[in-house]
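In this text the structure is predicted, and so the values were computed from the model without any measurement. Count residues from 1 along the sequence.
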Amino acid sequence: MAKLDFILILWMKIFFIECVKHRLFIFVFLMFILSESFARLLPFGVPAKYGIKEDSQESLTEINPHALNVAERFDLEEIFGITGKSQTMFEFEYSSALVLEGYKIGNGAFTVSASDRRGLFGGESYVDLSSITTIDSYYADQIRLIMGWKYNINKYLDIDIGGNVYWASKDIVGIGLPGPGYRVGGDFYVGLLVKELYIMPFAYVAYNSPLDAVKYMAGFAPRFEIGEYVGIENLAIESCMMFGYTFANRWADDHVFSNGKWRNSYGYIQTEANLVWYFHENWKVSVGVGWAINNDGHGNVGPDGMDMGSDNNVWGNFSLGFKF
């Protein structure tokens with residue numbers, strides 16, 4: 001651990017020096033003072049970009065016919081986005097804490113991920129495969145696969161239909177707390193994104209089968225282009241604030257506690273902001289902070305004295321990615 005800490009500190013010193021050279025210091029400093037430490041940006045609120053045809057219809061009631069037209073033409077290259085634009089990215093990230101849906105599910109985590117966005121049936125398909133390794137062995141390592149399809153319904157709205165599957169290296173309860181529960185789970189979700197508003201609002205509903213849980217999520221995901229103000233191209237602040245509520249009939253899957261199966265409900269707020277710089281066309285580097293709070297209690301207040309962890313978390317992260 002001492003060697004790992006030394007490497008991380010040395011890397012951060014080098015990054016700090018480079019930030020000063022490239023006039024990034026003031027923005028990195030503002031990010032750091034928001035948190036005493038350094039999780040992936042929340043996956044919601046990003047509009048469709050690949051494989052779509054922009055719809056200029058002003059009416060909210062008229063549906064963009066592009067997907068139907070693609071199906072009628074039955075052009076396989078267009079249907080599967082073979083000749084259109086796409087983006088594939090490989091990314092490495094370190095987070096001081098891994099927080100998901102208001103809960104800390106990892107105390108320090110390294111994430112290696114591969115993602116792909118491309119055209120599919122006149123909309124955009126996306127796939128994200130992540131391997132998450134936690135430094136603290138108390139928490140479970142995870143592999144997560146997210147897949148979905150986005151479509152610009154009209155000029156103002158995108159629809160997002162997708163799901164995720166995750167595997168944990170040890171038994172978990174809820175969305176990742178260590179405890180007697182399950183190891184394989186997943187969500188199915190559908191959501192709407194409003195594109196024409198600067199704050200980029202979104203709303204989703206999801207269902208998790210192992211937990212028999214319904215999840216409601218809404219928030220904002222604005223992106224602020226700041227490169228022109230500091231003389232650095234492709235520099236931006238990407239942010240997301242989400243309000244969520246979850247109700248589950250089996251928070252620990254089929255495990256039975258002394259008072260029966262665990263029914264649980266809670267609300268949370270989670271917000272993240274990353275300073276992101278795309279450079280040399282294919283590279284991406286980011287540094288960011290996050291904060292989350294939930295009302296599900298903290299400490300040993302779960303069934304049979306189970307540890308619920310902290311209900312108020314602050315973290316930070318660094319990531320490096322390559323896209324093509």
Side-chain angles (χ1 to χ4, degrees), residues 19 23-24 26-35 38-50 52 54-55 60 87 89 91 93 95 99-102 115 117 123-124 126 128 146 148 150-160 162 189-206 215-245 267-279 284-293 313-319 321 323:
C19 286
R23 292 181 289 176
L24 283 169
I26 186 170
F27 298 101
V28 175
F29 177 74
L30 288 173
M31 287 293 188
F32 271 97
I33 63 175
L34 291 174
S35 168
F38 274 77
R40 298 174 69 93
L41 267 175
L42 301 171
F44 303 132
V46 180
K49 180 178 179 181
Y50 300 96
I52 64 172
E54 293 296 337
D55 186 16
L60 286 172
Q87 175 182 290
M89 176 173 287
E91 194 165 5
E93 179 179 1
S95 304
V99 179
L100 183 65
E101 296 177 23
S115 62
R117 298 173 65 186
E124 176 188 285
Y126 58 90
D128 188 299
I146 303 173
K150 293 180 180 179
Y151 183 65
N152 54 331
I153 298 175
N154 53 41
K155 180 180 178 180
Y156 306 98
L157 292 175
D158 278 8
I159 189 170
D160 184 2
Y189 57 80
V190 60
L192 291 174
L193 300 77
V194 182
K195 299 178 294 183
E196 290 297 300
L197 297 179
Y198 191 68
I199 57 175
M200 297 292 289
F202 60 84
Y204 282 77
V205 61
K215 305 177 181 182
Y216 303 96
M217 297 153 284
F220 312 94
R223 174 185 169 92
F224 307 97
E225 298 285 350
I226 60 175
E228 61 180 295
Y229 303 109
V230 295
I232 301 174
E233 291 185 3
N234 302 318
L235 182 66
I237 295 176
E238 296 179 354
S239 61
C240 185
M241 173 175 282
M242 185 167 72
F243 305 87
Y245 176 79
Y268 62 90
I269 301 173
Q270 182 164 335
T271 181
E272 302 182 30
N274 277 5
L275 180 65
V276 183
W277 182 31
Y278 292 92
F279 61 99
K284 167 194 171 185
V285 63
S286 72
V287 59
V289 294
W291 170 76
I293 188 171
N313 293 284
V314 180
W315 68 94
N317 75 315
F318 166 82
S319 72
K323 67 175 183 175

In terms of heavy-atom contacts, Asn154 and Tyr156 come closest through OD1-N, 2.8 Å
For Gly102 and Ala292 the tightest heavy-atom approach is CA-CB, 4.1 Å
Between [X] and [Y], is any pair of side-chain heavy atoms under 4.5 Å apart?
X	Y	answer
Phe243	Thr271	no
Lys215	Tyr204	no
Asp160	Tyr189	yes
Val99	Glu272	no
Pro47	Met200	yes
Glu91	Lys284	yes
Lys195	Asn152	yes

Gap between atom [atom2] of [Y] and atom [atom1] of [X] - 0.5 Å precision:
X	Y	atom1	atom2	value
Trp291	Ile269	CH2	CD1	5.0 Å
Phe318	Asn274	CZ	CG	11.0 Å
Ser95	Asn317	OG	CG	4.5 Å
Gln270	Met241	CD	CE	10.5 Å
Phe220	Ile199	CZ	CD1	4.5 Å
Trp277	Leu235	CH2	CG	8.0 Å

Flag the pair Phe224 / Tyr198 as yes when their ring centroid distance falls below 6.0 Å, and as no otherwise.
yes
Residues, nucleotides or ligands: over 12 heavy atoms within 6.0 Å of Gln87 CD:
yes
Residues, nucleotides or ligands: over 12 heavy atoms within 6.0 Å of Lys49 NZ:
no
Fit a plane to each ring of Tyr216 and Tyr245, take the angle between them on a 0 to 90° scale, and name the class: parallel (under 30°), tilted (30 to 60°) or perpendicular (over 60°).
parallel
Is a donor on one side and an acceptor on the other found under 3.5 Å between the side chain of Asp158 and the backbone of Ala48?
yes
Show, in sequence, the C-alpha distance, side-chain angles and deciding distance for Arg117 and Val46, and conclude whether the side chain to side chain contact (heavy atoms under 4.5 Å, CB included) test is met.
CA-CA 12 Å; Arg117 298 173 65 186; Val46 180; 4.0 Å; yes
Lys150 charged N/C atom sitting above Tyr126 aromatic ring, 6.0 Å / 45°
yes
